[in-house]
A.B. asks: 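This is the structure I want to talk about, given as structure tokens.
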Amino acid sequence: MNTTTIERLLDVRDLTVEIETRRGTAVVVDGIDLYVNKGETLGVVGESGCGKSLTMLSLMRLLPNKIKVARGTAHFDGRDLQTMSNADLRKVRGGDIGFVFQDPMTSLNPVMRVGDQICEPLIYHRKMSKADARLRAVELLRLVGIPGPEERLMAYPHELSGGMRQRVMIAIGLACNPKLLIADEPTTALDVTIQAQIVDLVKELRAKLGMSVVWITHDLALIAGLVDRVAVLYAGTVVEVAPVDELYARPSHPYTRGLLASIPKLSDPPASRLSSIGGTPPEPGRRAKGCPFAPRCPLVETICHERVPKLEPLAGAANHRAACFVVQKMQEAA
Ligand SMILES: Nc1ncnc2c1ncn2[C@@H]1O[C@H](COP(=O)(O)OP(=O)(O)O)[C@@H](O)[C@H]1O
Ligand SMILES: [Mg+2]
């Protein structure tokens, strides 16, 4: 093994996920390569329907019925999550990998007290006694900023506000001091003030615990100060990946540029329309031949309808890659 592989906590290669539909098999995640280094935070962005959640669920082998991994590997700490036994995977899931699901209303158990839901992974993964798990649960609720944690342990999810439930989900994700936290749009349902609080909380915990984070979102602006690198997903493929500052300074793929242009700036007049990308992502199984973004792309050329562009490094930045023929051509001309 060379040093770069040792540094990699999560290393996903050629991950391909298919869904069975009445019209046949459709690819929803199309040969994704991703990695997360130890201590690093990766942002995964893209519009709704781009395959962000299915990518992460497939890592944990939690895909819904009729959706399955067709190809690819996903190494966590040197072991392939796709081929390890169910028993081994259960030890990783909720233990060394903490997961915060997209929707706290459906992922918290409505008939189980919040305290018991936090204690469960501690008793299962860390073999704590009930009493120790309870103490740790109080500590975790305090850590995620829930006031009166002792009383909250006794609450049922419906007795908490949306923001508090989301914090409970994060507490569960963090319970076992994971090496990797995967958070799938953990703040989407919340108002902006609470979103910012939760981002700050994760930053603080990351520094304290030294964990790696994958933060999935459709909101590039929210994660600007949180992540080290960003992978931009479109139609189940990575179309651009770069260190966060580099991505903001030099967004290259027309899709990324569109996403950034739809972030309103303070300098915009209050009533100005958001300049966003026209159209919607293709449905699985209805993708045109060639670049999946071609039908919506303002820079589209003939070749884009014919071939699928590969992720290629940009000139002068080995860790900034984009999958776009037009970008590649402009680089060659420069
Ligand atoms: N349970 C499901 N059944 C059928 N199609 C699904 C299911 N889950 C996701 N999909 C489809 O797969 C694609 C990717 O979904 P998803 O990973 O949830 O996207 P994202 O998280 O980026 O919004 C979408 O087109 C979505 O409609
Ligand atoms: Mg999702």
Side-chain angles (χ1 to χ4, degrees), residues 10 12 14-34 36 42-72 74 81-82 97-108 162 165-166 169-170 173 181-190 195 198-199 202 213-223 227 230-241 253 255-256 258-260 262 276-277 279-288 291-296 323:
L10 179 71
V12 178
D14 195 29
L15 184 72
T16 303
V17 177
E18 291 177 347
I19 174 165
E20 267 176 57
T21 70
R22 265 171 286 145
R23 284 177 281 127
T25 310
V27 174
V28 278
V29 175
D30 195 356
I32 280 186
D33 293 329
L34 280 178
V36 184
L42 175 73
V44 176
V45 291
E47 285 163 292
S48 168
C50 283
K52 304 181 298 294
S53 294
L54 291 184
T55 298
M56 295 310 155
L57 289 171
S58 65
L59 296 182
M60 296 283 86
R61 293 177 18 204
L62 292 172
L63 287 172
N65 251 338
K66 309 216 166 174
I67 305 186
K68 59 178 197 304
V69 173
R71 248 196 353 262
L81 297 168
Q82 296 300 314
I97 301 183
F99 213 114
V100 183
F101 291 97
Q102 191 162 349
D103 180 4
M105 266 321 260
T106 52
S107 22
L108 287 174
R165 279 198 293 267
Q166 201 90 45
M169 287 293 297
I170 294 174
L181 178 73
I182 299 178
D184 189 355
E185 312 228 22
T187 63
T188 304
L190 308 177
Q195 286 193 16
I198 289 183
V199 167
V202 170
V213 180
V214 175
W215 188 288
I216 302 170
T217 181
H218 61 269
D219 185 351
L220 254 174
L222 177 75
I223 57 166
V227 302
V230 180
V232 180
L233 250 61
Y234 187 75
T237 64
V238 177
V239 296
E240 184 161 3
V241 59
H253 197 287
Y255 180 61
T256 313
L259 283 180
L260 282 170
S262 51
S276 65
I277 315 162
T280 50
E283 271 175 52
R286 302 223 170 209
R287 260 170 231 160
C291 172
F293 190 59
R296 297 171 74 188

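Side-chain atoms are counted along with the backbone in the values below, which use heavy atoms only and exclude waters and symmetry mates. Read the numbers this way: they start at 1 and go in the same order the structure lists the ligands and their atoms.
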A.B. asks: For the atom pair CZ (Arg23) and CD (Glu283), what is the distance rounded to the nearest 0.5 Å?
C.D. replies: 6.5 Å

A.B. asks: How long is the span from the CD1 atom in Ile216 to the CG atom in Asp184, to the nearest 0.5 Å?
C.D. replies: 4.0 Å

A.B. asks: For the side chain of Gln195 and the backbone of Thr187, is there at least one donor-acceptor N/O pair under 3.5 Å apart?
C.D. replies: yes

A.B. asks: Only one of Thr21, Val28, Val27 clears side-chain contact (heavy atoms from CB on, under 4.5 Å) with Pro284; which?
C.D. replies: Val28

A.B. asks: Would you sort out whether Leu59 and Ile182 count as a side-chain contact (heavy atoms from CB on, under 4.5 Å), showing the intermediate values?
C.D. replies: CA-CA 10 Å; Leu59 296 182; Ile182 299 178; 4.3 Å; yes

A.B. asks: Considering only protein heavy atoms, determine whether one is less than 4.0 Å from atom 9 (C) of ligand 1.
C.D. replies: yes

A.B. asks: Nearest heavy-atom pair of Ile32 and Thr237: which atoms, and what distance?
C.D. replies: CG1-CA, 4.2 Å

A.B. asks: What residue and heavy atom of the protein are closest to atom 4 (C) of ligand 1, and at what distance?
C.D. replies: Ile19 CD1, 3.1 Å

A.B. asks: Give the atoms of ligand 1, by number and element, whose distance to some non-hydrogen atom of Lys52 is under 4.0 Å.
C.D. replies: 17 (O), 19 (O), 20 (P), 21 (O), 22 (O), 23 (O)

A.B. asks: Would you say Ser53 has an N, O or S atom lying under 2.8 Å from the Mg ion (ligand 2)?
C.D. replies: yes

A.B. asks: I need the nearest protein heavy-atom contact for atom 20 (P) of ligand 1: residue, atom name and distance, please.
C.D. replies: Gly49 N, 3.5 Å

A.B. asks: Below the 3.5 angstrom mark, is there an N/O of Gly51, backbone or side chain, next to an N/O of ligand 1?
C.D. replies: yes

A.B. asks: Looking at atom 25 (O) of ligand 1, is any protein heavy atom nearer than 4.0 Å to it?
C.D. replies: yes

A.B. asks: Check ligand 1 against Val28 and write out every atom of the ligand that is under 4.0 Å from a heavy-atom position of the residue.
C.D. replies: 12 (O), 13 (C)

A.B. asks: So, Glu240 side chain and His253 main chain: donor-acceptor pair closer than 3.5 Å or not?
C.D. replies: yes

A.B. asks: Which heavy atom in Tyr234 sits nearest to a heavy atom in Thr280, and how many Å separate them?
C.D. replies: OH-O, 4.1 Å

A.B. asks: Please state which protein non-hydrogen atom is closest to atom 7 (C) of ligand 1 and give its distance, to 0.1 Å?
C.D. replies: Ile67 CD1, 3.7 Å

A.B. asks: At less than 4.0 angstrom from any non-hydrogen atom of Pro284, what atoms of ligand 1 do you find?
C.D. replies: 25 (O)

A.B. asks: Specify the protein heavy atom at minimum distance from atom 18 (O) of ligand 1: its residue, its atom name, and the distance to 0.1 Å.
C.D. replies: Ser53 CB, 3.7 Å

A.B. asks: Does an N or O from Pro64, backbone or side chain, lie closer than 3.5 Å to an N or O of ligand 1?
C.D. replies: no

A.B. asks: Which atoms from ligand 1 have a heavy atom of Cys50 less than 4.0 Å away?
C.D. replies: 19 (O), 20 (P), 22 (O)

A.B. asks: What distance separates Leu63 CG from Lys68 NZ, expressed to the nearest 0.5 Å?
C.D. replies: 10.5 Å

A.B. asks: Would you confirm whether Arg61, through its side chain, and Leu81, through its main-chain N or O, come within 3.5 Å as a donor-acceptor pair?
C.D. replies: yes

A.B. asks: Considering only protein heavy atoms, which is closest to atom 17 (O) of ligand 1, and at what distance to one decimal place?
C.D. replies: Leu54 N, 2.8 Å

A.B. asks: May I ask you to list the atoms of ligand 1 that are less than 4.0 angstrom from any heavy atom of Ser48?
C.D. replies: 23 (O)

